[in-house]
Amino acid sequence: MTPTRRTASALAVGATALALCLAAAPAQATKAGSGTTTGSGSVFMVNPVQSSGDQSLADQKDSDAAVPASAYATVPLRNLDGSGYLHGSWVTVESATGTPAFSTTNTFDYTRHQDQFEQVMAYFWVNQAQEYLQSLGFGSTLPGVVKEQFTVKVDQYGGDNSYQTDKPYRIRLGKGGVDDAEDAEVIVHEYGHAVHASQVPGYGTSEEAGSIGESFGDYLAVSVGLAADQQYGWPMKAEEACPMDWDSTSYTAAPHCIRRFDLGLTVAGKKGEVHYDGQIWSQALWEIRKGYVALGKTTAAWDRTLVNSQFHYAPDTSFSAAAKATYAEALAHDGAAAAALVKDRFAARGIVF
Ligand SMILES: [Ca+2]
Ligand SMILES: [Ca+2]
Ligand SMILES: [Ca+2]
Ligand SMILES: [Zn+2]
């Protein structure tokens with residue numbers, strides 16, 4: 001099983017997915033809804049490995065007993081449309097493999113063996129990612145980023161892989177190994193691809209653009225998760241710079257991370273594979289994040305600059321051109337010291353402009 005996540009393999013199953021979607025639609029038109037836009041649900045606190053620190057957790061064929069009750073948190077669900085389904089302003093969840101979650105009181109408490117648990121995870125975490133982007137100013141003082149209803153299909157795809165397509169925006173989350181939607185960092189990684197597609201139509205046509213796409217998905221996943229830990233007061237007992245601690249228990253040795261931000265890779269060692277080469281870019285993003293804090297700035301300030309700079313990427317950007325755009329945004333918004341930090345951390349990876 002390959003520890004990579006691909007983005008462009010959707011075509012073969014797209015027609016089937018559409019047919020299932022259409023077949024599932026009529027049943028949702030007849031019930032009275034909740035009538036309210038807020039609710040609550042049970043989710044993992046990003047994922048059970050990072051919230052518990054227990055690297056020995058394993059899928060055990062999707063059994064409830066594999067994960068302790070302490071790994072779940074009850075969270076508010078916001079921006080629902082009142083239909084009683086997990087449909088809202090920024091997310092609509094569709095599922096063809098399980099009964100769609102429905103509640104006349106918007107109460108969505110499930111455990112991991114139930115298909116509806118992943119539906120709740122998908123709703124909560126996509127909404128959370130959009131709210132995080134909005135907290136940085138996107139959609140108010142800055143242009144919106146994926147500021148529209150985003151479709152997530154859960155357990156549509158049998159392999160251990162998830163992928164995102166940009167027309168229309170949607171994520172399909174697979175169910176191989178640990179169900180992909182049991183790990184918030186898988187959900188938000190895929191949403192990260194939609195962020196790029198939203199900012200730069202047709203984004204990702206060069207190998208380096210694709211590598212940045214994978215890298216940014218990993219970075220955004222980690223950053224949104226850490227922000228949620230702060231927002232809700234959740235435990236975080238694993239390495240911060242580690243995407244998909246739970247999903248990757250199926251295909252990595254402990255400590256489980258699908259990819260890393262500290263491998264010391266440089267452009268001289270590129271392999272031409274976007275997930276691997278993306279780790280060059282990720283290390284720079286992560287070190288700049290740390291550097292912003294050392295300069296007395298916030299991680300949110302860095303994330304705002306990073307995301308805002310992405311509007312200036314070409315669809316086929318190179319590492320060099322994207323780094324230059326990041327530098328320019330840092331200089332304009334965060335000052336000379338921040339800009340120098342950006343230039344230095346990219347240069348350490350062999351990315352110069
Ligand atoms: Ca599950
Ligand atoms: Ca999986
Ligand atoms: Ca993590
Ligand atoms: Zn990806």
Side-chain angles (χ1 to χ4, degrees), residues 132-133 136 138 142 185 188-189 192-193 195-196 199-200 203-204 206-227 239-244 257-314 316-353:
Y132 180 69
L133 291 166
L136 303 178
F138 295 99
L142 297 164
E185 290 175 325
V188 181
H189 171 102
H193 289 299
V195 166
H196 274 152
Q199 295 191 280
V200 181
Y203 182 78
S206 66
E207 195 270 341
E208 290 191 353
S211 298
I212 291 170
E214 297 307 330
S215 166
F216 176 71
D218 286 350
Y219 176 83
L220 184 70
V222 168
S223 189
V224 166
L226 292 173
E239 189 182 353
E240 287 190 351
C242 173
M244 309 184 199
C257 308
I258 191 171
R259 288 174 285 274
R260 299 195 61 90
F261 300 165
D262 62 354
L263 294 177
L265 304 178
T266 69
V267 291
K270 275 177 50 175
K271 288 187 173 178
E273 197 284 316
V274 291
H275 301 86
Y276 180 87
D277 292 349
Q279 294 174 109
I280 301 168
W281 190 260
S282 302
Q283 185 162 348
L285 300 188
W286 190 253
E287 291 177 356
I288 295 166
R289 176 188 177 95
K290 295 293 189 190
Y292 262 60
V293 173
L295 289 171
K297 299 179 183 296
T298 63
T299 56
W302 163 234
D303 287 358
R304 191 215 68 91
T305 287
L306 172 64
V307 174
N308 208 34
S309 72
Q310 293 176 163
F311 284 112
H312 302 291
Y313 287 4
D316 63 346
T317 190
S318 64
F319 281 161
S320 175
K324 187 175 182 179
T326 315
Y327 171 84
E329 177 65 22
L331 184 62
H333 196 269
D334 304 325
L341 166 71
V342 168
K343 192 170 197 172
D344 179 68
R345 291 300 85 202
F346 281 123
R349 308 267 63 79
I351 300 167
V352 295
F353 51 86

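Using a distance-only test at 3.5 Å, with no hydrogens or angles considered, no donor-acceptor pair links the side chain of Trp302 to the main chain of Val293. With Ser320 contributing its side chain and Val352 its backbone, the two residues share a donor-acceptor pair below 3.5 Å.
Partners of Lys270 according to the salt bridge (charged side-chain N to carboxylate O under 4.0 Å, His left out) rule, which considers only residues two or more places apart in sequence or in another chain, are Glu207, Glu208. Annotation: side chain to side chain contact (heavy atoms under 4.5 Å, CB included) contacts of Ala227 (sequence neighbours excluded): Tyr132. With sequence neighbours left out, Tyr292 forms a side-chain hydrogen bond (donor to acceptor under 3.5 Å, both in side chains) with Asp334. Remark: Ala284 engages Phe346, Arg349 in a side chain to side chain contact (heavy atoms under 4.5 Å, CB included) (not counting sequence neighbours). Contacts of Asp262 classified as side chain to side chain contact (heavy atoms under 4.5 Å, CB included), with partners at least two apart in sequence or in another chain: Glu239, Arg260. By the side-chain hydrogen bond (donor to acceptor under 3.5 Å, both in side chains) test, His333 pairs with Arg304, sequence neighbours left out. Evaluation of the side-chain hydrogen bond (donor to acceptor under 3.5 Å, both in side chains) rule for Trp281 yields no partner, not counting sequence neighbours. For Glu185, the salt bridge (charged side-chain N to carboxylate O under 4.0 Å, His left out) test picks out no residue, with sequence neighbours left out. Here Gln199 pairs with Gln310 under the side-chain hydrogen bond (donor to acceptor under 3.5 Å, both in side chains) rule; sequence neighbours left out.
Across Ser206 and Thr317, no two heavy atoms sit closer than the pair OG-O, 2.8 Å. The shortest heavy-atom contact between Ala209 and Gly204 is CB-CA, 3.8 Å. Minimum heavy-atom separation, Met244 to Asp218: CE-OD1, 3.9 Å. When every heavy atom of Leu220 is checked against every heavy atom of Gly192, the shortest pair comes out as CD2-CA, 3.8 Å. Looking at every heavy atom in both residues, Arg259 comes nearest to Pro243 through O-CD, 3.2 Å. Contact record, Ala322 with Tyr313: CB-CE1, 3.5 Å, taken as the closest heavy-atom pair.
Using a 4.5 Å cut-off on side-chain heavy atoms (C-beta onward), Leu226 and Arg289 make contact. Within the 4.5 Å cutoff, side-chain heavy atoms of Ile351 are placed close to those of Ile280. Within the 4.5 Å cutoff, the side chain of Leu285 has no heavy atoms near those of the Phe261 side chain. Between Ser282 and Tyr219 the shortest side-chain heavy-atom distance does not fall below 4.5 Å.
Using a 4.0 Å cut-off between charged side-chain N and carboxylate O, Glu240 and Lys290 make a salt bridge.
Thr266 contributes atom OG1, which lies 10.5 Å from atom CG of Asp277 (distance to the nearest 0.5 angstrom). Summarising the geometry, atom CD belonging to Gln279 is positioned 6.0 Å from atom CG belonging to Leu265; distances are rounded to the nearest 0.5 Å. Note: Thr299 OG1 to Leu306 CG = 12.0 Å, rounded to the nearest 0.5 Å. The line from CD1 of Ile288 to CG of Asp303 is 11.0 Å long, rounded to the nearest 0.5 Å.
For residues 319-353, there are no disulfide (SG to SG under 2.5 Å) pairs, not counting sequence neighbours. Applying the salt bridge (charged side-chain N to carboxylate O under 4.0 Å, His left out) definition to pairs two or more places apart or across chains, none involves residues 316-328.
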Return all side-chain donor-acceptor pairs below 3.5 angstrom for residues 336-343, not counting sequence neighbours, or 'none' if the list is empty.
none

Apply side chain to side chain contact (heavy atoms under 4.5 Å, CB included) to the pair His189 and Glu214, showing each step before the final yes or no.
CA-CA 8 Å; His189 171 102; Glu214 297 307 330; 2.9 Å; yes

